[in-house]
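Structure first, then comments.
Remember, predicted model here, so these are calculated numbers, not experimental data. We count ligands from 1, going down the list as the structure has it; atoms in each ligand are counted the same way. Atoms considered below: every heavy atom in the structure, side chains included; atoms not considered: hydrogens, waters and symmetry mates.
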Amino acid sequence: MRKKLVAGNWKMHGSLAANLRLLEAVTAAVKAAPRDFAGARCAVCVPFPYLQQAQAALAGTEIALGAQNLSEHDAGAYTGEVAGAMLRDFGCRYVIVGHSERRTHYGERDAQVAAKFQAAQRAGLIPILCVGETLAERDQAETEAVVGRQLGAVLAAAGVQSLRDAVVAYEPVWAIGTGRTATPAQAQTVHEFLRAAVAKQDPDTAARLTILYGGSVKPANADELFAMPDVDGGLIGGASLVAEDFISICKAAAGR
Ligand code: PGA
């Protein structure tokens, strides 16, 4: 049985004051009713400058810390980049790689995403590998080809065993930040396809693999998405910035 995971992706939002309010509200809810959250894993992926603040705020709670990006290099003359080992220094467990915003706005290609995935694992981090199609690709019935290629790049570079300590997030680009969620059936179809693609190489790894759905997950649709057999939780953008929404999505994943 896969334990569901809810990971907040704050993107480039926040301030010391706003983060404090958000983290205090979330940690207070978990401390007040730990059993409501025990059925799922929860994490927040924060902007780099706030890692120390979030690490301190989450200390002693079951909420894990993550980052949103990392360098494919371990160290060196790469001005402005952040290495996986630095994220580990601040207690990160997770790091998002290949988010569609990185692919679209910063030109990250499949090979670079695969290199970042491997760098994360070298540093002892759990990569959350994002895959997903654009609306045009879906309309042309290319969804499976696109997500298959994106996942395939990591399988080819890192091998199927690498997915034993990784998370995949299916995030249809047309559903991110748009309020237009994939239906539970649409999400399930793609999740099933991804798990089957891994199963072709290693059924045991496929059965254990956590596959998140991301794209306009809200308290109102979390239950029905999480009820799908291959949806193992969510990667949450906008709703992770609203304490009560994030809390309610975590509880939905925990079956409360
Ligand atoms: P959203 O973002 O929940 O705001 O749609 C999800 C994501 O980009 O990870």
**Report entry** Heavy-atom side-chain proximity of Leu65 to Val46 below 4.5 angstrom
**Finding:** yes
Requested in this report: Taking Thr181 for its side chain and Ser216 for its backbone only, find out whether a donor-acceptor pair lies under 3.5 Å.
Outcome: yes
Report task. Return yes when atom CZ of Arg102 has more than 12 non-hydrogen atoms of other residues, nucleotides or ligands closer than 6.0 Å, and no otherwise. Result -> yes
Query - Any Gly214 heavy atom less than 4.0 Å from ligand 1 - result: no
Report task. Output the list of atoms in ligand 1 that are nearer than 4.0 Å to some heavy atom of Gly177, sorted by atom number. Result -> 1 (P), 4 (O), 5 (O)
Requested in this report: Using a 4.5 Å cut-off on heavy atoms from C-beta on, say whether the side chain of Val44 contacts that of Ser240.
Outcome: no
Query raised in the report: Going by distance only, is there an N or O of Thr178 that falls short of 3.5 Å from an N or O of ligand 1?
Result: no
Query raised in the report: Do Glu133 and Trp174 have a side chain donor and acceptor closer than 3.5 Å?
Result: yes
Query raised in the report: What's the shortest distance from atom 3 (O) of ligand 1 to any protein heavy atom, and which residue and atom give it?
Result: Gly237 N, 2.9 Å
**Report entry** Ile176, portion touching ligand 1 at heavy-atom distance under 4.0 Å
**Finding:** both
Report task. Answer with yes or no whether Gly215 contacts ligand 1, where contact means a heavy atom under 4.0 Å from a ligand atom. Result -> yes
Requested in this report: Answer with yes or no whether His99 contacts ligand 1, where contact means a heavy atom under 4.0 Å from a ligand atom.
Outcome: yes
Report task. Flag yes if more than 12 heavy atoms outside Gln52 fall under 6.0 Å of its CD atom; otherwise flag no. Result -> no
Query raised in the report: Side chain of His99, backbone of Glu101: donor and acceptor closer than 3.5 Å?
Result: yes
Report summary line: For Glu171, the atoms of ligand 1 under 4.0 Å from one of its heavy atoms are 6 (C), 7 (C), 8 (O), 9 (O)
Query raised in the report: Judged by atom type as modelled, is there a donor-acceptor pair below 3.5 Å linking the side chain of Gln118 to the main-chain atoms of Ala157?
Result: yes
Report summary line: Taking only non-hydrogen atoms of Lys11 and a 4.0 Å limit, the atoms of ligand 1 in range are 2 (O), 7 (C), 8 (O)
Query raised in the report: Can any side-chain N or O of Glu81 pair as donor or acceptor with the backbone N or O of Tyr78 at less than 3.5 Å?
Result: no
Query - Location of contacts on Ala169 toward ligand 1, heavy atoms closer than 4.0 Å - result: neither
Query raised in the report: With a cut-off of 4.0 Å, which atoms of ligand 1 are near a heavy atom of Leu235?
Result: 6 (C), 9 (O)
Report task. Provide, to 0.1 Å, the distance between atom 4 (O) of ligand 1 and the closest protein heavy atom, together with that atom's residue and name. Result -> Gly238 N, 2.8 Å
Report summary line: Here the atoms of ligand 1 under 4.0 Å from any heavy atom belonging to Ala175 are 5 (O)
